[in-house]
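Chain naming here is simple, since letters A, B, ... match the order of the sequence lines and numbering starts at 1 in each.
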Amino acid sequence: MPLVGAAELSAMPEGSRVRLHGMVQRIRRLGWGAFVVLRRHDGLVQCVLESGRTPEALEKLREEQAVALEGTLAPAVIKDVSINPRDRELKVESVEFLCTPTEPVQVDLTKKILDLHTDTNLDLRPLSLRHPVERARLRIAEAIAGGFRDFLSSRGFTEIHTPKICFAGAEGGANIFKVQYFDREAFLAQSPQFYKQMAVAFYERVFEVGPVFRAEPHQTSRHINEYTSLDFEMGFIESHEDVMAMEIHLLRQVIETLSAKRGYELDLLGAKLPPPPDSIPSVTLDEAHEIASSASGRDFTGEPDLEPEEERLVCRHSAELWGSDFVFVTHFPTSKRPFYTMDDPAAPGKTRSFDLLFRGLEVTTGSQRINEYEAQVEKMRAFGLDPASFESYLMAHRAGLPPHGGLAIGLERLTARILDIENVRLATMFPRDAKRLTP
RNA sequence: GGUCCGGUAGUUCAAUUUGGUUAGAGCACCGCCCUGUCACGGCGGAAGUUGCGGGUUCGAGUCCCGUCCGGACCGCCA
């Protein structure tokens, strides 16, 4: 029998014979038999075993067994929101045991909440991800990435895959992982930045969903050392505002995708999606400092960057006064942005750059890039960098690049804020941080 | 890199303040009961080198020293 999803099960008539395989999420034994919740690819199905019909199977049944259940579909009214579908159950007539665990699972997967410390949860990730809540979170991340792909593909962007083992880093000052590459030293990519820019000359619009690596020894709830970057780069723009406008449309579609395709997971997680934005308020960094200062009484004015505290204050201001969970901050100073960022001719010392803040956290960084060769070389020198060590990158500039810009979204951060998850590690399947290399 | 906090059954916690009988409880696990449950219910059982090492004491989960592991915040950074 072909794999049927939860929606298809709902649509099947009463009495349909089906064979469902899955893993035993939980067993509720009662005197007459048991309710068995079967974990499947896209939901949990309630199954009914009667001791009069399958006594031996009932005896052998354990949590986390892989089984194939055969029986008939019956209508049901199920209150439990973790079950999907909730209007059908399987009256089981036969059970095939495919695999039985050799020891009881170390964590309690049967309860509504997986009551574990973050650290224990991550140590036991192969087990904790079997809990409906944990796996639902990652299905949201998956759908965000899917919405990102679908939207950009429909707007003429080409999906690319750039190398993660590189000769040099893109971000200069930030720490970078070194790896042994045969008889040479190489680095793990901090960003697909250089390759995206080169690709603008031959594809005009490109995007990539892929891992990036940061060797910074942070120990915070919003940093991990390997994360998934949603990157795009587009040619023939007039300024960074074209990039911001594209992101607004992108976010709109991502949110619509989530609400259309992940209703079950969002319900289960109690997530509140932001309304799909038509527009997003935008303030300059100086204005953001003023907002944060007047909201807190502290003086942030003149700081070159936003503190985490300010990100929260500016977001609160945006939500309360402008009704938006999103807010752009633009015009970061030249010194705080990478060397490929274009300066704003209208604002000396400032760049055509932006961050997107969402529910108190920075989730995107973007800008217009320098596309003229001479200007790029000049800024490298001003940053104390040797243009000779960027030869293959500058090859593209010498051969001519259209005006262009782009952005990068941190997938785990966006997911965490949408789902109100405290720690980005829990929006990651197998996070890597300064202390964690396994599982 | 700095400051602070923590480590007790598989797991989440209690007992540490004031050292004192056999370190308790919920969930999971094992056994029994329950004819429609709603991440059930009832009864019983098993489960611990209190991170590790040393010290003080008649007596240490509790106090002291060392060590290992982890967490939070700050710095720095998307």
Euclidean distance for C1', B:rA23 against B:rG61 (whole angstrom) | 7 Å
Base-pairing assignment for B:rC77 (Watson-Crick or G-U wobble, both under 3.5 Å) = none
Please tell me which of the listed nucleotides, B:rC34, B:rA39, B:rC77, lies nearest to the side chain of A:Arg26?
-> B:rA39
note: A:Asp119, atom CG; B:rA72, atom C1'; distance rounded to Å ~ 13 Å
Using a cut-off of less than 4.0 Å, is there contact between a side-chain N or O of A:Asn423 and OP1 or OP2 of B:rA72?
-> yes
Starting at CG of A:Leu437 and ending at P of B:rC69, how long is that distance when rounded to a whole Å?
-> 15 Å
So which nucleotide does B:rA28 pair with, by the Watson-Crick or G-U wobble rule with both distances under 3.5 Å?
-> none
What is the distance from CD of A:Glu63 to C1' of B:rG10, rounded to the nearest Å?
-> 13 Å
Can you tell me the distance, in whole Å, between the CG atom of A:Leu114 and the P atom of B:rA28?
-> 14 Å
Quick one: label A:Val77 by what it contacts on the DNA or RNA (base, sugar-phosphate, nothing), any heavy atom closer than 4.0 Å.
-> base
Ignoring hydrogens and angles, are the base of B:rU35 and the side chain of A:Glu50 linked by a donor-acceptor pair under 3.5 Å?
-> no
Inter-nucleotide P distance (B:rC38, B:rC27), Å rounded | 16 Å
Pairing nucleotide - B:rG48, Watson-Crick or G-U, each distance under 3.5 Å | none
So which of A:Lys379, A:Arg352, A:Arg337 actually passes salt bridge (charged side-chain N to carboxylate O under 4.0 Å, His left out) with A:Asp343?
-> A:Lys379
NE2 of A:His117 versus C1' of B:rU11: gap in Å, rounded?
-> 10 Å
Closest to side chain of A:Trp32, choosing from B:rU35, B:rC38, B:rA39 = B:rU35
Identity of whatever pairs with B:rU8 - Watson-Crick or G-U, under 3.5 angstrom = none
For the residue pair A:Glu412 and A:Arg425, establish whether any side-chain heavy-atom pair is separated by less than 4.5 Å.
-> no
State, yes or no, whether a side-chain contact exists between A:Asp87 and A:Ile78 at a heavy-atom distance under 4.5 Å.
-> no
When the ring planes of A:Phe339 and A:Phe383 are compared, do they come out parallel, tilted or perpendicular, using 30° and 60° as the limits?
-> perpendicular
Using a cut-off of less than 4.0 Å, is there contact between a side-chain N or O of A:Lys336 and OP1 or OP2 of B:rC77?
-> yes
With a 4.0 Å cut-off on heavy atoms, is A:Leu116 in touch with a base, just the backbone sugar-phosphate, or nothing at all?
-> sugar-phosphate
Could you say whether A:Tyr227 or A:Leu268 is positioned toward the 5' end of RNA chain B, judged by the nucleotide with the nearest heavy atom to each?
-> A:Leu268
Indicate, with a heavy-atom threshold strictly under 4.0 Å, whether A:Ile224 touches base, sugar-phosphate, or nothing.
-> base
Nearest-0.5 Å distance that lies between atom CZ in A:Arg26 and atom CZ in A:Arg39 = 10.5 Å
For atom NE2 of A:His223 and atom P of B:rG71, their distance in whole Å | 15 Å
With P as the reference atom in both, quote the distance from B:rU22 to B:rA60 in angstrom, rounded to an integer.
-> 12 Å
A:Lys79 side chain: which of B:rC76, B:rC38, B:rA39 is closest?
-> B:rC38
Using the rule for Phe, Tyr, His and the six-membered ring of Trp, do A:Phe35 and B:rU37 stack at under 5.5 Å and under 30°?
-> yes
Please state the P separation for the pair B:rC13 and B:rG51 - nearest whole angstrom.
-> 15 Å
Taking the C1' atom of each, how far is B:rG31 from B:rC5, in whole Å?
-> 42 Å
Who does B:rG61 pair with, Watson-Crick or G-U, both distances under 3.5 Å?
-> none
Separation between the C1' atoms of B:rU16 and B:rG7, rounded to whole Å | 13 Å
Just how far, in rounded Å, is C1' of B:rC76 from CG of A:Leu306?
-> 16 Å
Answer whether the closest heavy-atom distance between the side chains of A:Glu63 and A:Leu109 falls below 4.5 Å.
-> no
Quick one: does A:Leu44's side chain get under 4.5 Å of A:Tyr264's, heavy atoms only?
-> yes
Inter-nucleotide C1' distance (B:rG24, B:rA47), Å rounded | 13 Å
On a whole-Å scale, what distance lies between the P atoms belonging to B:rU49 and B:rU57?
-> 28 Å
RNA chain B nearest-nucleotide lookup for A:Thr365 and A:Arg436: closer to the 5′ end is A:Arg436
Indicate whether OP1 or OP2 belonging to B:rU35 is found under 4.0 Å from a side-chain N or O atom of A:Ser51.
-> no
Taking C-beta and beyond as the side chain, do A:Thr351 and A:Met342 meet within less than 4.5 Å on heavy atoms?
-> no
Examine B:rC30: is either OP1 or OP2 under 4.0 Å from a nitrogen or oxygen in the side chain of A:Arg62? Give yes or no.
-> yes
Base, sugar-phosphate, or nothing for A:Thr364, non-hydrogen atoms under 4.0 angstrom?
-> nothing
Choosing from B:rC40, B:rA39, B:rC77, which nucleotide comes nearest the side chain of A:Pro308?
-> B:rC77
With a 4.0 Å cut-off on heavy atoms, is A:Glu309 in touch with a base, just the backbone sugar-phosphate, or nothing at all?
-> nothing
A:Asp433 CG - B:rG70 P separation (whole Å) | 9 Å
Got a donor-acceptor pair under 3.5 Å from the side chain of A:Arg28 to the base of B:rA39?
-> no
When you get a sec, tell me which of B:rC27, B:rU37, B:rU35 is the closest nucleotide to the side chain of A:Gln46?
-> B:rU37
